[in-house]
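Taking it in order: structure first as structure tokens, then the write-up.
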Number of protein chains: 2
Amino acid sequence: MARAGLTADRLTQAAAELADEVGFENVTVSALARHFGVKDASLYSHIRNAHDLRVRLAVLALAELADQVAEAIAGRSGKDALVAFAAAYRRYAHEHPGRYAATQMALDPDTAATSAAGKHAEMTRAILRGYDLWEPDQTDAVRLLHSTFHGYVSLERAGAFHSHPRGVEASWTRALDALDTVLRSWPA
Amino acid sequence: MARAGLTADRLTQAAAELADEVGFENVTVSALARHFGVKDASLYSHIRNAHDLRVRLAVLALAELADQVAEAIAGRSGKDALVAFAAAYRRYAHEHPGRYAATQMALDPDTAATSAAGKHAEMTRAILRGYDLWEPDQTDAVRLLHSTFHGYVSLERAGAFHSHPRGVEASWTRALDALDTVLRSWPA
DNA sequence: ATAATTTGCCTAGGACCTCTAGGTAAGCCT
DNA sequence: AGGCTTACCTAGAGGTCCTAGGCAAATTAT
């Protein structure tokens, strides 16, 4: 019998594709083993357990998201950067729903620090260079931006905005205008 | 043998308590059966399946959340209402993490309409009476508020803010100040 | 008060997922 | 070619979800 050539990285990559197809909560060890045509038990030499697999997936997704966002805001500042950041963030969530769901996993502090979760916050901070904000206002603003972006795409995906005809896209644009206003005139 | 006296409502109520203890994703038919000292199969005359159980739990949580928020903003308006709304929303999420997680379930449009999900949006709209906003700005603002509140408590629970020493409470207060500013000077 | 009906909970069992222990064989190194 | 590492296997235990069919307790009718 030829071997499938599994590694932790290949498993994680396949898990990411699987997540986008069938949803993050349906990423199982069995499904992944099926995809590679091997038995479930064979995966346990590469990953510790199902939770470990999901954590690896989360770390992968966080890194991808951080990369896309970094590319989007490169060379921009102020509202330009804000809009580009938001667009990249939301686009990633839409194109990779399973991966995006993975980024919301509760990671233990160690993993979070090692992974790109920190890079993500740093990225958000880069946006603020175009605005006149300093600590601790900067941290407050980062948290507000992150919350709003995550909250919006999360509710959007949950279908919370379907009850009203007003375009989701239009509201999003207005939200960004509002955030820009807030950042320019941050209350002292 | 004496009967346990199960009903769909009692199961849902117990599921809610279970969710707050062990997390929404660990609310299983088996665990619930164990709690009542009956066999798994016995629950299926009251609920259709595991998904149905979780939907009922979500509807319960949405109703409770709407009630608490409604009580909080009663007799207030403007920033007073905004702050009270936010506090009630966040407090519910903290005191009932499992139930709150349930409110984020993707409900099919029918269920969402029947449940208190609509009431929730209506509630948010009530806040805006103190500000000078009309359609479609009102809908945009409702979505922004909802996103920010949900995003903040969601990230807070995921531990996204632990990496930085700045107090989570302080940032929250500043976020509310910022939202108040935005609502008072909504960009035309 | 007893008979008829409903229904709450049961046993039995299949399908799927998670994970461990221990075995075989494929591929690399000398 | 022989030896070592390791990728993948079989076997099996335990958990969750759910269906089918049965008995007995509670409710209603007589």
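Per chain, numbering begins at 1; letters A, B, ... match sequence-line order.
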* Would you indicate which nucleotide in dT10(D), dA20(D), dA7(D) comes nearest to any side-chain atom of His46(A)? => dA7(D)
* To do: Going by the ring pair (Phe, Tyr, Trp, His ring centres under 6.0 Å) test, name the single residue among Phe24(B), Phe149(B), Tyr89(B) that passes it with Tyr100(B).
  => Tyr89(B)
* Structure fact -> With the side chain defined as heavy atoms from C-beta on, Ser42(B) is closest, among dC17(C), dC9(D), dC10(C), to dC10(C)
* Under 4.0 Å between a side-chain N/O of Ser45(B) and OP1 or OP2 of dG8(C), yes or no? -> no
* So what is the 5' to 3' dot-bracket string for DNA chain C, if pairs are Watson-Crick or G-U wobble with both distances under 3.5 Å, crossing pairs use [ ] and | means the partner sits on another strand? -> ||||||||||||||||||||||||||.|.|
* Is the CG atom of Asn49(A) crowded by more than 12 outside heavy atoms at less than 6.0 Å? -> yes
* So Phe161(A) and His146(B), would you call those rings parallel, tilted or perpendicular, with 30° and 60° as cut-offs? -> perpendicular
* Asked: Whole Å only: how far is the NZ atom of Lys39(B) from the C1' atom of dT16(D)?
  -> 14 Å
* Under 3.5 Å: donor-acceptor pair, side chain of Gln68(A), backbone of Ala88(A) -> no
* Figure out the CZ/C1' separation between Arg10(A) and dT6(D), and round it to whole Å. => 16 Å
* Given atom CZ of Phe36(B) and atom C1' of dG8(C), what is their separation to the nearest angstrom? -> 14 Å
* Separation of Asp40(B) atom CG from dG14(D) atom P, in whole Å? -> 16 Å
* Asked: Choosing from dC18(D), dT18(C), dA11(D), which nucleotide comes nearest the side chain of Ala41(A)?
  -> dA11(D)
* Between dC17(D), dC19(C), dC9(C), which one does the side chain of Val38(B) approach most closely? -> dC9(C)
* Asked: Nearest-Å distance, CG (Asp52(A)) to C1' (dC17(C))?
  -> 17 Å
* Taking OP1 and OP2 of dC19(C), is either one under 4.0 Å from a side-chain nitrogen or oxygen of Arg48(A)? -> no
* Nearest to the side chain of Tyr44(B), which nucleotide is it out of dC18(D), dG8(C), dT20(C)? -> dC18(D)
* Structure fact -> Side-chain atoms of Thr28(A) come closest, of dT20(C), dC17(C), dT11(C), to dC17(C)
* Would Arg54(A) and Glu25(A) pass as an ion pair if we require N to O under 4.0 Å? -> no
* Asked: Any Lys/Arg nitrogen of Arg90(A) or Glu156(A) sitting under 4.0 Å from an Asp/Glu carboxylate oxygen of the other?
  -> yes
* To do: Send over the distance from Asn49(B) CG to dT16(D) P, rounded to a whole Å.
  => 17 Å
* Could you give the CG-to-P distance, from Leu43(B) to dT19(D), as a whole number of Å? -> 13 Å
* Does atom CD of Glu95(B) have more than 12 heavy-atom neighbours, drawn from other residues, nucleotides or ligands, at distances under 6.0 Å? -> yes
* To do: Measure from the side chain of Arg34(B), starting at C-beta and using heavy atoms only, and say which of dC17(D), dT16(D), dC9(C) lies closest.
  => dT16(D)
* Value in whole Å for how far the P atom of dG8(C) lies from CD1 of Ile47(B) -> 14 Å
